[in-house]
Every structure is written in C-alpha cells, then in structure tokens.
Amino acid sequence: MHGRPNPLPREFFDRDTIEVARELLGKHLVHVVAGRERVGRIVEVEAYLGTHDRASHSSKGLTPRTRVMFGPPGHAYVYLIYGLYHCTNVVTEAAGCGAAVLLRALEPVLNLSGRSNGPGLLSNAMQIDLGRNGADLTGTELFVRDPGEPAPRHIARRPRIGVDGAGPRWAGRLLRFYEKDNAWISRR
DNA sequence: CTCCGGATTCGT
DNA sequence: CGAATCCGGAGT
C-alpha cells in the first residue's frame with residue numbers, strides 16, 4: 001500500500017518562489033504518522049517572496065520565529081496563528097532570502113482527519129504542528145511527492161488572504177494560486 | 001516585564 | 001461581526 005517515500009529533491013524548492021508555488025499545485029503532501037501515510041493533493045497555495053514582501057513574516061527580519069524561513073530551502077516553516085491553528089509552509093530559494101510558500105488547501109487522498117480547505121484546517125488534517133517546524137522535506141516523514149499525474153490545467157491567481165495589514169501595494173499582488181474549479185479551495 | 005495584534009475559523 | 005486563545009515582537 002505504501003510506495004517508497006520518493007520526496008521531491010531540494011532543488012525543486014531552490015528556485016523562484018512563484019514558480020515553486022505554481023508547481024506545487026497537484027503535488028502530494030505526505031506526512032507519516034505512526035507508520036501511516038496521510039496524503040493530500042495540494043490545490044491552493046500562497047507565495048511569500050522574502051524580506052521585501054511586507055506581508056511576509058520575514059519582512060520583520062531574522063527573529064527566533066523566522067529562523068527557519070531564513071534557512072535553506074526544502075524545510076517546513078510551521079507557526080501558530082491566533083493561538084489556535086497552525087500554518088504550514090515550505091521554505092524556498094537560497095538561505096537568507098526569507099521566502100516560502102504557504103499551503104492553503106488539500107484535496108483529500110489518504111487518511112486525512114477532517115477538513116483540509118484552509119491553512120489551519122490543512123495542518124490539523126495532516127497532524128502537522130510546531131513539532132514539525134524546521135523538518136527537512138527531503139526526508140521520509142514529511143515531504144512532497146510527485147503523484148505522476150498531469151499537472152492542473154487551469155491555475156487561478158488572486159490576491160492573498162488576510163494580508164491587508166501589509167498595505168494595498170502588497171495585499172493587491174496576485175500571489176495566491178489555486179486549481180480553478182477544484183471543490184476543495186478554501187474560498188472563492 | 002507588559003501590551004498588542006495576527007498568513008484563522010466558527011458561530012451569531 | 002466578534003470570540004476563541006497564545007505567543008512573538010516591540011516597547012518600557
């Protein structure tokens with residue numbers, strides 16, 4: 001039932017963040033919990049471009065929380081939001097850039113617990129919490145896998161969600177990407 | 001040390 | 001539209 005892990009290599013993440021964001025759509029996120037794979041097909045993401053992106057945590061500089069964002073690509077950046085939910089990101093580009101892609105929604109594939117349409121719900125369904133912050137995505141516990149299916153045909157671009165505080169210039173940028181007409185998107 | 005607000009979600 | 005719930009980051 002389990003294939004071999006087969007994670008995407010670090011080079012996949014060591015590229016332009018918008019490119020990585022778009023190419024993550026259709027890939028499978030895999031988390032092995034108690035020897036059992038939880039798998040979801042990535043259908044919605046947001047790009048956070050780096051220190052110059054006012055909506056990105058990294059725009060505040062290197063702090064204990066953003067340490068992972070400023071590290072090498074291909075690691076998980078997980079943080080607690082509103083004291084209630086976790087958000088799961090993948091770090092992109094070279095160390096020092098502070099760039100990442102937020103995973104916003106999954107189409108259930110295997111063993112997800114509950115809804116996965118929204119960053120907090122996604123993390124719950126995949127059982128990802130702060131214990132996974134900094135996890136190496138080229139390992140065998142938490143990783144991204146190419147399902148070997150055709151990439152999504154129609155990718156929609158919209159402004160990111162919940163970043164109005166970054167000002168109109170950054171909040172207006174079309175850095176949210178999702179598979180058009182997919183039923184598991186967090187919002188229209 | 002205190003204080004404020006957040007890349008969310010749910011119920012009213 | 002407000003509550004839930006807690007920590008990071010900034011200021012004293």
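Source: prediction; values computed, not measured. To find a chain, count down the sequence lines: A is the first, B the second, and so on, and within it residues start at 1.
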J.: For dT8(B), does either OP1 or OP2 sit under 4.0 Å from a side-chain N or O belonging to R187(A)?
T.: no
J.: Could you give the CG-to-P distance, from N124(A) to dT5(C), as a whole number of Å?
T.: 14 Å
J.: Is a salt bridge present between R41(A) and E179(A), judged by a nitrogen-to-oxygen distance below 4.0 Å?
T.: yes
J.: Expressed as a whole number of angstroms, how long is the span from L122(A):CG to dT8(B):P?
T.: 12 Å
J.: Pairing donors with acceptors under 3.5 angstrom, does anything connect the side chains of E37(A) and N111(A)?
T.: no
J.: Report the distance from atom CG of L121(A) to atom C1' of dA7(B), rounded to the nearest whole Å.
T.: 14 Å
J.: Does dA7(B) have a Watson-Crick or wobble partner in any strand here, with both distances under 3.5 angstrom, and which is it?
T.: none
J.: Only pairs with both distances under 3.5 Å count, Watson-Crick or wobble alike; so what is the partner of dT5(C) in this structure?
T.: none
J.: Out of L24(A), I128(A), N89(A), V43(A), which residue meets the side chain to side chain contact (heavy atoms under 4.5 Å, CB included) rule with L103(A)?
T.: L24(A)
J.: Give the residues of residues 68-93 of chain A touching DNA chain C, defined as any heavy atom closer than 4.0 Å, sorted by residue number.
T.: L80(A), Y82(A), G83(A), L84(A)
J.: Measure from CH2 on W170(A) to P on dG6(B) and round the result to the nearest Å.
T.: 19 Å
J.: How long is the line joining CZ of R160(A) and C1' of dT8(B), in whole Å?
T.: 16 Å
J.: Tell me: CG of N133(A) to C1' of dC7(C), nearest whole Å?
T.: 13 Å
J.: Do the side-chain N and O atoms of S123(A) and T88(A) include a donor-acceptor pair separated by under 3.5 angstrom?
T.: yes
J.: State which residues pass salt bridge (charged side-chain N to carboxylate O under 4.0 Å, His left out) with R160(A); sequence neighbours excluded, sorted by chain then number.
T.: D53(A)
J.: Less than 4.0 angstrom from a charged side-chain N to a carboxylate O is my criterion; do E46(A) and R104(A) meet it?
T.: yes
J.: Does Y79(A) reach the side chain of T66(A), with side-chain heavy atoms less than 4.5 Å apart?
T.: no
J.: Judged by modelled atom types alone, do H86(A) and R132(A) share a side-chain donor-acceptor pair under 3.5 Å?
T.: no
J.: So, is R115(A) near the phosphate of dC10(B), with a side-chain N or O under 4.0 Å from OP1 or OP2?
T.: yes
J.: Could you identify which residues of residues 45-65 of chain A place a heavy atom less than 4.0 Å from some atom of DNA chain C, listed by residue number, or say none?
T.: T63(A), P64(A), R65(A)
J.: Hey, does N124(A) have a side-chain heavy atom less than 4.5 Å from the side chain of Y85(A)?
T.: yes
